[in-house]
Each structure stands twice: as C-alpha cells, then as structure tokens.
Amino acid sequence: MSIPHSIRRVLITLTTLQKMPYSKVAKEKSGSVAKALIPKCIQNSKDGKGVNISVHAIPNSKTDGVRSISEESVVVAISSPPVDGEANENLIETISQTLGVRRRDVSILRGERGREKVVNVVGLTKEQVYDPISKAIESEK
C-alpha cells in the first residue's frame with residue numbers, strides 16, 4: 001500500500017521538527033514561536049494570570065544565566081551558593097532580567113530548598129517567556 005504524496009510530506013515535516021532543537025524551531029510570521037513548539041516546562045498558571053516555569057537551578061556557577069531548555073526544565077546557572085536563600089534571590093533576579101520584568105513579578109512556587117523549582121511569572125504569556133529564554137540561550141553560545 002502506497003502513502004499519498006501529501007501525507008508523506010506532512011510526515012517528513014513532523015519528523016524533521018521533532019529532531020530540531022528548540023532554539024532552531026520555525027517561527028510564525030509575527031516572529032513568535034508557534035504555540036505547539038513551546039516545551040512543556042513552560043505552562044500557563046492555573047489562575048490564568050501568568051506562566052509557571054519548571055527550573056533546574058545550578059548554584060555556585062561562574063556566571064548567572066539561562067543555559068538550556070528541554071521538555072522537562074529550563075536550566076539556570078546561579079553564581080550564589082545555596083545558603084540562606086541567596087541562590088533563590090539570585091535565581092529570581094536572573095529570571096526577571098532575562099524576561100525583562102520586575103523582580104516582584106517573579107516568585108518561587110515550589111522547590112525553595114531543592115534544585116528543581118517551579119517559578120511563576122505574572123503578566124506574561126508562554127510565548128513572551130519562551131522567546132527571551134531562547135534568545136538568551138543563543139547568546140550564550
């Protein structure tokens with residue numbers, strides 16, 4: 001049984017998109033990333049007022065910044081040690097600078113005492129969070 005040409009093209013396109021890293025995904029005409037290509041680590045908050053980001057924090061790094069993104073988490077390097085909440089404050093500062101929002105718009109919902117955290121950002125959409133994170137990752141390379 002032969003697969004029609006149009007279906008074969010769709011399958012090839014889907015296979016190609018699955019293999020692409022998130023930093024190289026196709027963009028819509030407006031310049032923002034297609035909604036289907038935003039990783040699951042960036043989700044709308046349940047109250048609908050912002051976005052929750054699953055973060056893997058790496059304390060005691062040489063520099064602060066977003067290192068990578070996957071389906072599971074956004075990896076953020078932090079120069080502060082994980083003592084007395086210094087790393088959490090530095091994480092909030094790093095994320096707020098990367099996204100261009102005020103510090104008070106960023107909060108840690110879960111994971112204050114571990115490396116796996118859920119960070120909430122108020123007032124942004126998933127696209128508005130993903131775009132600056134992917135640009136920050138590209139500028140690190």
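Any value given below was found using the heavy atoms of this structure, including those in side chains, with hydrogens, waters and symmetry copies removed.
In this structure, Asp84 places its CG atom where only 12 or fewer heavy-atom neighbours from other residues, nucleotides or ligands lie under 6.0 Å away.
Taking each heavy atom of Pro59 and Ser80 in turn, the nearest pair found is CB-O, 3.6 Å. Between Ser70 and Cys41 the shortest heavy-atom distance is O-SG, 3.2 Å. The nearest pair of heavy atoms linking Lys117 to Ile108 is CD-CD1, 4.4 Å. Here the closest non-hydrogen pair linking Ser96 and Val106 is CB-CG2, 3.9 Å.
A donor-acceptor pair under 3.5 Å is formed between the side chain of Gln128 and the backbone N or O of Thr125.
Note: Asp105 CG to Lys49 NZ = 12.5 Å, rounded to the nearest 0.5 Å. One distance of note links CG of Asp64 with CG of Leu91; it measures 9.5 Å at 0.5 Å rounding. Atom NZ of residue Lys40 and atom NZ of residue Lys126 lie 10.5 Å apart, to the nearest 0.5 angstrom. Of the inter-residue distances, the one linking Ile38 atom CD1 with Glu127 atom CD reads 4.0 Å to the nearest 0.5 angstrom.
In summary, the side chains of Ser45 and Asn52 do not present any donor paired with an acceptor at a separation below 3.5 Å, with no hydrogens or angles considered.
Proximity of Val55 to Ser73: side-chain heavy atoms (C-beta onward) are nowhere separated by under 4.5 Å. Taking the side chain as every heavy atom from C-beta outward, Ile137 and Arg67 never approach each other to under 4.5 Å. In this structure, the side chains of Leu99 and Leu124 come closer than 4.5 Å at one or more pairs of heavy atoms. Using a 4.5 Å cut-off on side-chain heavy atoms (C-beta onward), Ile78 and Asn60 make no contact. Annotation: side chain of Tyr130 is not in contact with side chain of Leu37 (no heavy-atom distance under 4.5 Å). Side-chain contact between Val119 and Ile92: absent, with no pair of heavy atoms (C-beta onward) separated by less than 4.5 Å. At least one side-chain heavy atom of Glu86 sits less than 4.5 Å from a side-chain heavy atom of Pro81. Under the 4.5 Å side-chain criterion, counting only non-hydrogen atoms from C-beta, Ile53 is not in contact with Val118.
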Go through Ile69 and Val75 one step at a time and tell me if the side-chain contact (heavy atoms from CB on, under 4.5 Å) criterion holds. CA-CA 6 Å; Ile69 189 168; Val75 177; over 6 Å; no
So Arg103 and Glu93, salt bridge (charged side-chain N to carboxylate O under 4.0 Å, His left out) or not? Walk me through it. CA-CA 6 Å; Arg103 284 179 51 112; Glu93 179 67 28; 2.7 Å; yes
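Among Glu72, Glu116, Arg115, the one residue that satisfies the side chain to side chain donor-acceptor pair (under 3.5 Å) test with His56 is Glu116.
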